[in-house]
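Lettering of chains follows the sequences in order, A, B, ..., and the numbering in each one begins at 1.
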There are 2 protein chains.
Amino acid sequence: MSSRSGEIATILTRAIMGQRLTPGAKLGERELAEALGVSRIVVRQALIRMAEDGLVTIERNRGAFVSRLSLQETLQIYEAMTVIEQGAAALAVTRVGTTAWAAIRRQAELQRQAAHDSNHGLSDHLGIGFHFDLVRLAGNRVLEDMHAQLTRRVTLLHSIYRSEFDQCALADDHLRILDLIEKRQLKKAQDLIAEHNRVIVKGFFLEESEAKRPLPLAEAIAPFLATPA
Amino acid sequence: MSSRSGEIATILTRAIMGQRLTPGAKLGERELAEALGVSRIVVRQALIRMAEDGLVTIERNRGAFVSRLSLQETLQIYEAMTVIEQGAAALAVTRVGTTAWAAIRRQAELQRQAAHDSNHGLSDHLGIGFHFDLVRLAGNRVLEDMHAQLTRRVTLLHSIYRSEFDQCALADDHLRILDLIEKRQLKKAQDLIAEHNRVIVKGFFLEESEAKRPLPLAEAIAPFLATPA
DNA sequence: ATCGTTATATTGGAATCCAATATACATCAA
DNA sequence: TTGATGTATATTGGATTCCAATATAACGAT
């Protein structure tokens with residue numbers, strides 16, 4: 001990112017994705033400017049960027065807050081993600097057999113291993129990566145960017161709801177999706193993608209997590225200040 | 001829009017969509033600030049917004065320009081639009097028979113009339129509206145917004161390439177798409193959507209239009225200064 | 001004509017200032 | 001005590017001014 005405000009936006013986005021800034025948190029300009037060592041203007045520009053992305057909500061004369069997702073918005077985001085992933089699956093058919101295809105398959109199997117070994121952290125990480133990689137297989141940057149944006153927005157959910165997933169089932173789904181695409185059973189693959197995402201959404205709303213105590217702003221962003229490549 | 005920069009962004013977006021600001025046009029901060037009667041800061045924030053949207057490209061220390069679309073980007077945008085419209089079609093199946101459905105059907109038939117009467121302007125207008133309405137039928141705001149963004153971006157093409165479409169064929173496609181959805185032949189409907197969009201893309205690249213002389217900035221945005229509701 | 005140098009203009013950003021307004025606080029009435 | 005009202009304060013949105021970095025243009029020398 002060549003601009004200061006872009007860097008700031010990246011830092012704040014990381015803080016949100018890392019669940020150190022949770023929905024509803026106030027993002028005061030002065031406070032952020034001080035914590036980040038930049039002027040208010042740059043902070044504001046960063047917040048505008050993030051508002052455009054949907055991660056932040058700016059209220060006139062009240063300031064910026066980490067966005068809250070309504071139930072309806074959540075459902076619509078997941079529905080949109082499903083649409084994109086289904087489309088990506090259709091486009092990815094032509095990629096079967098490439099090295100990229102082999103890679104995603106390997107990852108999916110690693111995830112299955114991790115899930116069966118109850119390595120929740122790794123399994124979760126690989127699971128998220130799968131959806132990413134599937135879209136990347138489509139070879140369409142525009143689609144990829146839109147999907148990434150939706151992914152960022154649903155991260156807001158993780159900060160509120162604590163979900164209990166059947167990691168094994170999810171990992172198995174991933175492998176089955178790949179199988180179906182390989183066998184050119186696109187319709188079935190797309191149906192499974194839809195079902196798979198429905199399960200994920202349901203997982204979120206089964207139980208609401210205890211409210212996490214919000215961190216002080218400066219503390220929340222601290223780990224992300226050093227901007228590694 | 002509650003913020004000044006949002007209003008400015010809207011004005012500039014309209015100017016681009018109205019093809020008064022064409023790809024490559026320099027959007028000088030000072031010049032715009034003067035023409036719009038606001039400070040440079042607000043203009044910059046507006047440009048940042050639009051850059052996030054893809055309509056504007058900001059180059060470090062060089063300024064903002066109306067984005068140019070590469071051939072590859074164009075293809076990917078249309079591919080993404082196709083994916084979204086196909087997904088929307090799937091979701092719209094449940095809307096068959098509603099008043100909204102009747103409305104889009106009426107519009108599509110109006111377009112066919114206009115096309116057969118060689119009323120190019122009206123036909124074109126209704127044709128664009130069709131794709132919009134189809135996505136709106138899905139009842140998913142997130143999907144709708146993404147589609148609208150892609151639509152804004154492809155407008156950049158209109159400013160460069162002059163296309164010769166077979167308006168009648170396009171209008172007929174629209175009606176056939178509706179027919180297929182009504183008959184629950186989703187796969188065929190989606191295939192037709194894909195083919196339909198492929199034809200549109202091809203139409204753009206058949207012949208390059210004469211270069212339009214760029215308007216002076218102030219003149220370009222003049223018609224959009226009065227912001228009607 | 002080509003290359004290097006200088007001059008100029010523009011951007012990116014900081015610091016300061018101010019109006020509008022939302023929130024908090026205090027005061028007062030029931 | 002509780003509710004309503006008015007005041008104080010803090011924050012935002014924006015304007016203005018200033019400056020460094022740098023890209024572009026103008027210019028001159030070879």
| Which of residues 36-47 of chain B sit near DNA chain D, with a heavy atom under 4.0 Å from it? | V38(B), S39(B), I41(B), V42(B)
| field | Any residue meeting side chain to side chain contact (heavy atoms under 4.5 Å, CB included) with A138(A), in chain and number order, not counting sequence neighbours | value | A88(A), L91(A)
| task | For A102(A), check side chain to side chain contact (heavy atoms under 4.5 Å, CB included) against everything at least two apart and list the hits. | result | R106(A)
| said: Taking salt bridge (charged side-chain N to carboxylate O under 4.0 Å, His left out) as the cut-off, I'd like each qualifying pair that reaches into residues 27-36 of chain B, sequence neighbours left out, listed once. | reply: E29(B)-R40(B), E29(B)-R44(B)
| field | side-chain hydrogen bond (donor to acceptor under 3.5 Å, both in side chains) against R198(A), all qualifying residues, sequence neighbours excluded | value | E195(A)
| Pairs touching residues 59-73 of chain B that satisfy salt bridge (charged side-chain N to carboxylate O under 4.0 Å, His left out), sequence neighbours left out | E59(B)-R62(B), E73(B)-R153(B)
| query | Under the side-chain hydrogen bond (donor to acceptor under 3.5 Å, both in side chains) test, which residues partner T74(A), sequence neighbours left out? | reply | none
| Under 3.5 Å, is there a donor-acceptor pair between the R152(B) and T13(B) side chains? | no
| note | Sequence neighbours excluded, the answer for side chain to side chain contact (heavy atoms under 4.5 Å, CB included) partners of Q86(A) is T82(A), Q190(A), I193(A), A194(A)
| field | Sugar-phosphate only, base, or nothing, as touched by R30(B) at under 4.0 Å among non-hydrogen atoms | value | base
| note | Nt span of DNA chain C in reach of chain A heavy atoms at under 4.0 Å, 5' end first, is dG13(C) to dT23(C)
| request: List for me each residue that meets ring-ring contact (aromatic ring centres under 6.0 Å, His included) alongside F165(B), sequence neighbours excluded, and say none if there are none. | output: F204(B)
| message | Roughly what angle, to 10°, lies between the helix axis at the start of the helix from dA1(C)-dT30(D) to dA30(C)-dT1(D) and the one at its end, five pairs per end? | response | 10°
| request: Using a heavy-atom cut-off of under 4.0 Å over every strand shown, decide if I48(B) touches base, sugar-phosphate, or nothing. | output: nothing
Atom pairs and distances, side-chain donor-acceptor, residues 142-149 of chain B, under 3.5 Å, sequence neighbours left out:
from, atom 1, to, atom 2, distance (Å)
D145(B), OD1, R141(B), NE, 3.4
H147(B), NE2, E85(B), OE2, 2.9
Q149(B), NE2, D53(B), O, 3.1

